[in-house]
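Along the sequence shown, residues carry numbers from 1. Keep in mind that this is a model prediction, so the values were computed, not measured.
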Amino acid sequence: MVDQNQLVSSSKIGECAETLSAALDVQLKESHQPGGTKVLRKFAVGEVCELLGVTPDMLRNRHKNKSIPEVETDARGHRYYSAEEIDQLRNILFETTRGKSKDSFRPGRRKGDPMQIISCVNFKGGSAKTTSAAHLAHRLALRGYKVLACDLDPQASLTTLFGYRPEIEFAEGGTIYDALRYADFDAPEGEQDGPVPLREVIRKTYFHNLDLAPAGLLLTEYETETANSLRDPRHTIFAKRLSEALETVSDDYDLVIIDCPPQLGFTTLSALIASTGLIVTVVPGMLDIASMSQFLKLVSETLGAVSTYTGQDVAYSFVKFLVTRYEPNDGPQRQTEGYLRAILKDMVLTNPMLKSTAISDAGMTQQTIYEVDPKDFVRATLDRAITSVNDVAAEIETCIQGAWRR
C-alpha cells in the first residue's frame, strides 16, 4: 500500500512552479545588470563591415572625411557601433552610393513587395525551432530588415529570450492570444471580450528593427476556443484569424518570423495558413526524420482539408528543411544528413546549423550569439557558431529576395 504521506500533491507541484518562477526572475535580472533589463551590445568594426558589405578602409576613410558620424571609441581608439548607428550608416551609404550596388544597403521591401511571413515548424520538440527563429530574427534585423518576431508557442521560450517572464508579466494578458481570441457572443453586450488589434500587443524590444508579439500560457485557450467556435458562423474561421491580424501591421514590417509550438494544433495551422514560407527544422537522426515524415503527411492532409473548406489553396514561396544541432564529426549524423539530402535534394538548406557550446552558453543567459560579449567566449568557438548561423540566414535571405523576384 502506498504511504499517503509520500504522495506528491498538485499543490506541491504548484509550489515548485512558484519557486522556479521566482528564481528564474532573479536570475534573468541579475544576468542583465545594470538595470535588470536587456540591452543590445555595441559592435566592432569587423562585425559592422560584414553586416554592411564594406571594407574597414572604406569605413575609416568615411569617418576621416566626416561623411559619416563619429561613434564611441575605447581607450585604444577602436570604434564601436550600436545597431541604430549601423542602420544610420546603411541609410547614408544608400544615399551616397551610385549604381545598383546601393540596393544592397536597403534589402527590405520595396513598393509592391508582400510582407514575408516565415514559420519555423516541426512536430517534434527539441528540433531547435525557437533557437532558429530567434537567431534568424536577430540576424535579419541586423541586416537591415524590419522584423516582427511572433511567438505562437504557449511555452513562450521565444518571449523569454527577449527578456520577459511570461508567467509573471503576461499572466493576465498582453500576448498574441489577445489578438486571436474569440468573442463570447453569449456574454452581455460590452463584455464579449473579442480580439484586440495586434498593434496593441506588439512590444518594442531592445533590439533595433525588431519587435515582438509575445506569447504566454493563455495561448492554450486558443485551441479549445477554436474547437468550440467551428460551427458558429458568427466567428471568423481560425484559418483567417492570424492572417488578418498580421495584415493590419503589414505596412510596418518586411518580415514576420513565427515560432510555432511542437504540435499540429489550431495554433500551428493558423501559422501555416498565414505563412508565405516555411523553415522545417530537423535534427539529423532517423527517429527525428521519421517523426518529421508523419508531421509533413499530416500537414498536407490537414491543409488540403482547410483549402477545400475555405476554397483557398495554401501555397508557399519556399519550403526549406534546416538541419539543426549538427555535429560534423558524428558519423551517424553525417550519414543521416546525406540520406535526407538524397531524398529532399535542394529543399534542404546547404548549410546546417551547428550544435555549439557558444549557442548553448548564450542561452543560459537568455541570449543569442549576436548579443553576447565576445570577450566572454572562446573566440574560435564563437566565430564558428556565428559563421554557421550567418550562412543559414544568408540562404534564407536569398529565398526571401527570390520571393520578391530579385
Fill in the blank from the handout: For V392 and P352, the nearest pair of non-hydrogen atoms, with its separation, is CG2-O, 3.7 Å
Practice task
Establish, yes or no, whether the cationic atom of R106 lies under 6.0 Å from the six-membered ring centre of F94 and within 45° of the ring axis.
Solution key: yes
Practice task
Start with the C-alpha distance between I118 and L278, add both sets of side-chain angles, then the distance that settles side chain to side chain contact (heavy atoms under 4.5 Å, CB included), and finish with yes or no.
Solution key: CA-CA 5 Å; I118 303 166; L278 299 183; over 6 Å; no
Practice task
Answer yes or no: is there a donor N or O on one side and an acceptor on the other, between the side chain of T205 and the main chain of F207, under 3.5 Å?
Solution key: yes
Problem - NZ/NE/NH1/NH2 to OD/OE distance under 4.0 Å, D178 and R181 - result: yes
Practice task
Answer yes or no: does atom CZ of R405 have more than 12 heavy-atom neighbours from other residues, nucleotides or ligands under 6.0 Å?
Solution key: no
Handout entry: Pair D259 + K129: basic N to acidic O under 4.0 Å
Key = no
Practice task
May I ask you to decide if L142's main-chain N or O and H208's side chain share a donor-acceptor pair within less than 3.5 Å?
Solution key: no
Exercise for the section: Verify the ring-centre separation between Y164 and F170: is it less than 6.0 angstrom? Expected result: yes
Exercise for the section: Determine whether the side chains of Y182 and D232 contain a donor N or O and an acceptor N or O closer than 3.5 Å. Expected result: no
Practice task
Give a yes or no on this: more than 12 heavy atoms of other residues, nucleotides or ligands lie within 6.0 Å of atom CD of E70.
Solution key: yes
Problem - Donor on one side chain, acceptor on other, T96 and R62, under 3.5 Å - result: yes
Practice task
Taking atom types as modelled, find out whether Y177 and E225 have a side-chain donor-acceptor pair closer than 3.5 angstrom.
Solution key: yes
Exercise for the section: Decide ring pair (Phe, Tyr, Trp, His ring centres under 6.0 Å) for Y81 and H63; before the verdict, give the C-alpha distance in whole Å, the side-chain angles of both, and the deciding distance to 0.1 Å. Expected result: CA-CA 13 Å; Y81 303 75; H63 278 296; 5.8 Å; yes
Problem - Sequence-distant partners of D113, side chain to side chain donor-acceptor pair (under 3.5 Å), two or more places apart - result: R406
Handout entry: Atom NZ of K42: over 12 foreign heavy atoms under 6.0 Å
Key = yes
Problem - Any donor-acceptor pair under 3.5 Å from Q401 side chain to P107 backbone - result: yes
Exercise for the section: Inspect the contact between R143 and E397 and indicate whether a charged nitrogen and a carboxylate oxygen are less than 4.0 angstrom apart. Expected result: yes
Practice task
Determine whether the side chains of T276 and Q116 contain a donor N or O and an acceptor N or O closer than 3.5 Å.
Solution key: yes
Fill in the blank from the handout: In short, side chain to side chain donor-acceptor pair (under 3.5 Å) pairs touching residues 283-300 with sequence neighbours left out are K297-E301
Practice task
In sequence, state the C-alpha distance, the side-chain angles, and the governing distance for R241 and Y222, and then conclude on side chain to side chain contact (heavy atoms under 4.5 Å, CB included).
Solution key: CA-CA 11 Å; R241 297 182 81 83; Y222 183 67; 4.0 Å; yes
Practice task
Classify the side-chain pair T267/E223 by whether it contains a donor and acceptor separated by less than 3.5 Å.
Solution key: yes
Handout entry: R90 vs D87, salt bridge (Lys or Arg N to Asp or Glu O under 4.0 Å): CA-CA, chis, key distance, verdict
Key = CA-CA 5 Å; R90 184 177 284 112; D87 216 29; 2.9 Å; yes
Fill in the blank from the handout: Given the options I258, D151, L219, I176 meets side chain to side chain contact (heavy atoms under 4.5 Å, CB included) only with L219
Practice task
Would you check if there is a donor-acceptor pair between the side chains of T130 and S157 at a distance under 3.5 Å?
Solution key: no
Practice task
Let me see the working for S82 and E85 under side chain to side chain contact (heavy atoms under 4.5 Å, CB included), right down to the final yes or no.
Solution key: CA-CA 5 Å; S82 69; E85 287 167 338; 3.2 Å; yes
Handout entry: Side-chain donor-acceptor contact under 3.5 Å, D57 with T55
Key = no
Handout entry: Whether R41 side chain and V372 backbone form a donor-acceptor pair below 3.5 Å
Key = yes
Practice task
Compute whether any side-chain donor of one residue and acceptor of the other, for Y206 and K38, lie under 3.5 angstrom apart.
Solution key: yes
Handout entry: S127 (side chain) donor-acceptor with V283 (main chain) under 3.5 angstrom
Key = no
Handout entry: side chain to side chain donor-acceptor pair (under 3.5 Å): pairs with one or both residues in residues 319-336, sequence neighbours excluded
Key = Y326-E337
Exercise for the section: For the pair R199 (side chain) and T248 (backbone), establish whether a donor and an acceptor sit closer than 3.5 Å, ignoring hydrogens and angles. Expected result: yes
